[in-house]
Amino acid sequence: MDTQEKLLEMEHITKKFPGVVALRDVQFALRRGEIHALLGENGAGKSTLIKVLTGVFERDGGDIFLEGRAVSPQSPQAAQNMGISTVYQEVNLCPNLSVAENVYIGREPGSAGRIDWKTINRKAAELLSRFDLHIDVTQNLDRYSVAVQQMVAIARAVDISAKVLILDEPTSSLTAVEVRKLFEIMRMLKARGMGIIFVTHFLDQVYEVSDTITVLRGGEYVCSSPTAELPKMQLVARMIGKEYEDLESRPSSSLADRGKRDLFLRLQGAASAQISHVDIDIQKGEVLGFSGLLGSGRSEIARLIFGVDPIVTGGLEIGGRKTAVKEPITAMRAGIGFCPENRKSEGIVGELSVRENIMLALQAKQGMLRAMSRRQSEKLADEYIEALSIKTPSREQSIHNLSGGNQQKVILARWLATAPDLLMLDEPTRGIDIGTKAEIQKLVTKLAGEGMSLVFISSEVDEMVRCCGRMVILRDKKLVGELTGEEISEDMIVKYMAGGEQFEPKTETIQ
Amino acid sequence: MSQKLRQFSKNQIFWPLMVLLAILLANGIVSGGSFFEMRIVDGHLYGRLIDILRNGSKLMVLAIGITMALATGGTDISVGSVMAISGAVACSIVDGRLLPGASGNVAVAVVLALLAGVLCGLWNGVLIAKVKIQPIVATMILMVAGRGIAQLITEGKIVTINSDAYYFINGGYILGLPFPLFIVAFAFVLVMLFTRKTAFGLFIEAIGVNSVSSRFTGIKVDRIKLMIYTFSGLMAAVAGLIESAGIKGADCNNAGLLIELDAILSVAIGGTSLFGGRFSIPASVIGALIIQSISTSVLAMGVAPEVTLVVKSLIVVVICLVQSKKFKETIAGKFSRRAVKEA
């Protein structure tokens, strides 16, 4: 590689946290006009490396060269001024400011304390239209979908004339169409000579868009190679240190044994403020999938069953008995558990320890006055840390210090501890490495085998196909189809999700 | 030994305790030791330290009540007004202008005053938990209206009373120690048992860190908030009783005026984040004692009353600096580097 071409070089990067070495002698090099995929399991050190590069963390050792000059950004702001911009997985913008304000926040045009709103709005609209995003820039950002917000974040980052653009899991909340658009933008930026670091868990996307791959594992540099020269099987093997066949094997029990089962839960004509007239039966010991695009109503059904959104009309029967679920605790007492979609804002209780996070739901179910003793809760935590192989320095570690996959496992442990009859998992594998993903998928099948009912919601169609024994498909807050057993295929699901004449909702198909 | 010490130094209570000791020590040095003198007169303990404990009892009681509200990320700025209401109710009953049938009956007066506090707290709780008004706005309603209510009870007058039984609440002694200390101890033990022996404390912290997640785990967030604000009202009523017994009457305009700020400051000095989350009642109690000893020592050192507040605020700045995580890390870093060199 010619040194002239090298835009960014990181050498011998080391970063220690109390009790853990997060990065050990890691190297990374990015050329101009290159899309460079940074891969690794959760906890491999990708996020830490990014944070060292952008000045969020101070590194303990190593050098960073930007265009041949040694740099040490002390803050994300400083990094941005050097030309290193980042778009994070969770959109880091201000939801209650307008789109235009978000694009120009911190660098508003105008003079002497006066902000030139006209220019801001015009330039923001121009900028976004270059990204094929024609929206009203004076509206608040939270009026728009996560996908749009992400595009705005990217547009903002690019507009700050970045030399290096870091995309940290940009695609995890995007639909296929939006992903394609994002890739177009990435290629456009690449053609302009920008270097793009692309962090993702979707290997197909890596092969579709990236030029080079760097793999990290356990905080160490594993390899770097042009994408074309690294077959997928080898890549996976490098990432996790196992063979891919191990993961690819489809859990057989999910398809077997499709006889008559007992009914556990029945929703009849149920409606909340978010979704209208849903009929769904959930049987004992089945994995029922809710498929659909973001916003199709798949999460809303789960929230309705769990009492997060109150039922306005219609009925809910659990175990044959009519049940009024007004709040989550009522649903929990009826034997239901729910891992919500937004792990950070609805799942984890950040500052509390792993132990406390695990015990919380069981404690709430038991009631406030029947407190678990310290020893009981420690035993419970240790049990699940081992059973789900949660990687944490200790059970007293704050949960927000854990990687996303391990946080998710803690949430799973929280619900398994309550021994639910029905466990609803909304996007349990989002933003999680394939190793953990496979573990969670296997766990789902295993739990169903033990007689637990599960509701599985995921944006990844192949995962849905792999896990679900039965599936309902939603579009625009309506049930549009149901697939069982062998009928379930990516092809069918996509057809129903996309819609078409023969896939329009018919009342008799939905039961 | 040093292992235990190091562990204790990480406890939330460590720094507030060090600050308190430093203030007391400074007082002792400046006063040439007379600060620590204790005398026993008629079997009662007298001395500066006892003064601090007795005068600080109101603030300690308030801090115990308000800590949990702050730990959920809320606040309660109505406690000063609730103190005025409680004092007004109690004194008006003892005086006989309210419920003439129970005139002079201290027990009835105390019970009804506490009940008034509970009602005030419940009102705050309903506004916050059910109506979903922001805590600072919700409690501001009672902060403003409360003094008016107290004035209505006393018919706009300063009620002075003559009842040794009522005076006992502030001035009495049991086993040589001032009675208010027993009130503080009782409230403290009660709250410690309730937060540690039930899951109440855990739920409060969970709500303070992330109330949405807490709701998703089945915690009845609204009910817990209701309990917290009701309890804060009760504690304010207790403080109101101590205050009015101390001045031997109810002065609705001045009872507990601005004391809510000292109460919040006590909790902050105790190291409980005002954003909610981890909390420590003992640390808040020490925080209250720190504020009280600053007030006492500023007076004792003969600082002119005009600059008392300035001195107090300067000391608070220093305390906040000592509490700051970054500051502590810097200091700790220096220490550990030295330790490495020595080894």
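Chain identifiers are assigned alphabetically (A, B, ...) following the order of the sequence lines, protein sequences preceding nucleic acid strands; residue numbering begins at 1 within each chain. Heavy atoms only: backbone and side chains are in, while hydrogens, waters and symmetry mates are out.
- Using a 4.5 Å heavy-atom cutoff, the side chains of B/Arg278 and A/Leu352 are in contact.
- In this structure, CD on A/Glu346 lies 12.0 Å from OG on B/Ser214, to the nearest 0.5 angstrom.
- For chain A, the nearby parts of B/Phe216 are the backbone and the side chain; heavy atoms of each come within less than 4.5 Å.
- Contact annotation for A/Glu327: only side-chain heavy atoms (C-beta onward) come within less than 4.5 Å of a heavy atom of chain B.
- Checked by atom type and distance alone, the side chain of B/Asn210 pairs as donor or acceptor with a backbone atom of A/Ser345 at under 3.5 Å.
- Each of A/Gly367, A/Gly307, A/Ser373, A/Gly347 has some count of heavy-atom pairs under 4.5 Å with chain B, and the biggest count is that of A/Gly347.
- In this structure, no portion of B/Arg196 lies under 4.5 Å from any heavy atom of chain A.
- Among B/Ile224, B/Ile207, B/Leu202, B/Ile219, the residue with the largest count of heavy-atom pairs under 4.5 Å with chain A is B/Leu202.
- Counting all heavy atoms, side chain and backbone alike, A/Leu360 lies closest to B/Ala206 at CD2-CB, 3.9 Å.
- Residue-environment remark: CH2 (B/Trp123) stays at or below the threshold of 12 foreign heavy atoms within 6.0 Å.
- At distances below 3.5 Å, at least one donor-acceptor pair connects side-chain atoms of B/Arg215 with backbone N or O atoms of A/Val308.
- Proximity to chain B is limited to the side chain of A/Met359, based on heavy atoms less than 4.5 angstrom apart.
- For the set B/Lys220, B/Lys197, B/Glu205, the entry with the most heavy-atom pairs within less than 4.5 Å of chain A is B/Lys220.
- Considering A/Val349, A/Ile399, A/Asn357 as possible partners of B/Val209, the one that fulfils the side chain to side chain contact (heavy atoms under 4.5 Å, CB included) test is A/Val349.
- Both the backbone and the side chain of A/Met368 have a heavy atom closer than 4.5 Å to some heavy atom of chain B.
- Considering only heavy-atom pairs separated by less than 4.5 Å from chain B, the leading option among A/Thr330, A/Leu369, A/Leu362 is A/Leu369.
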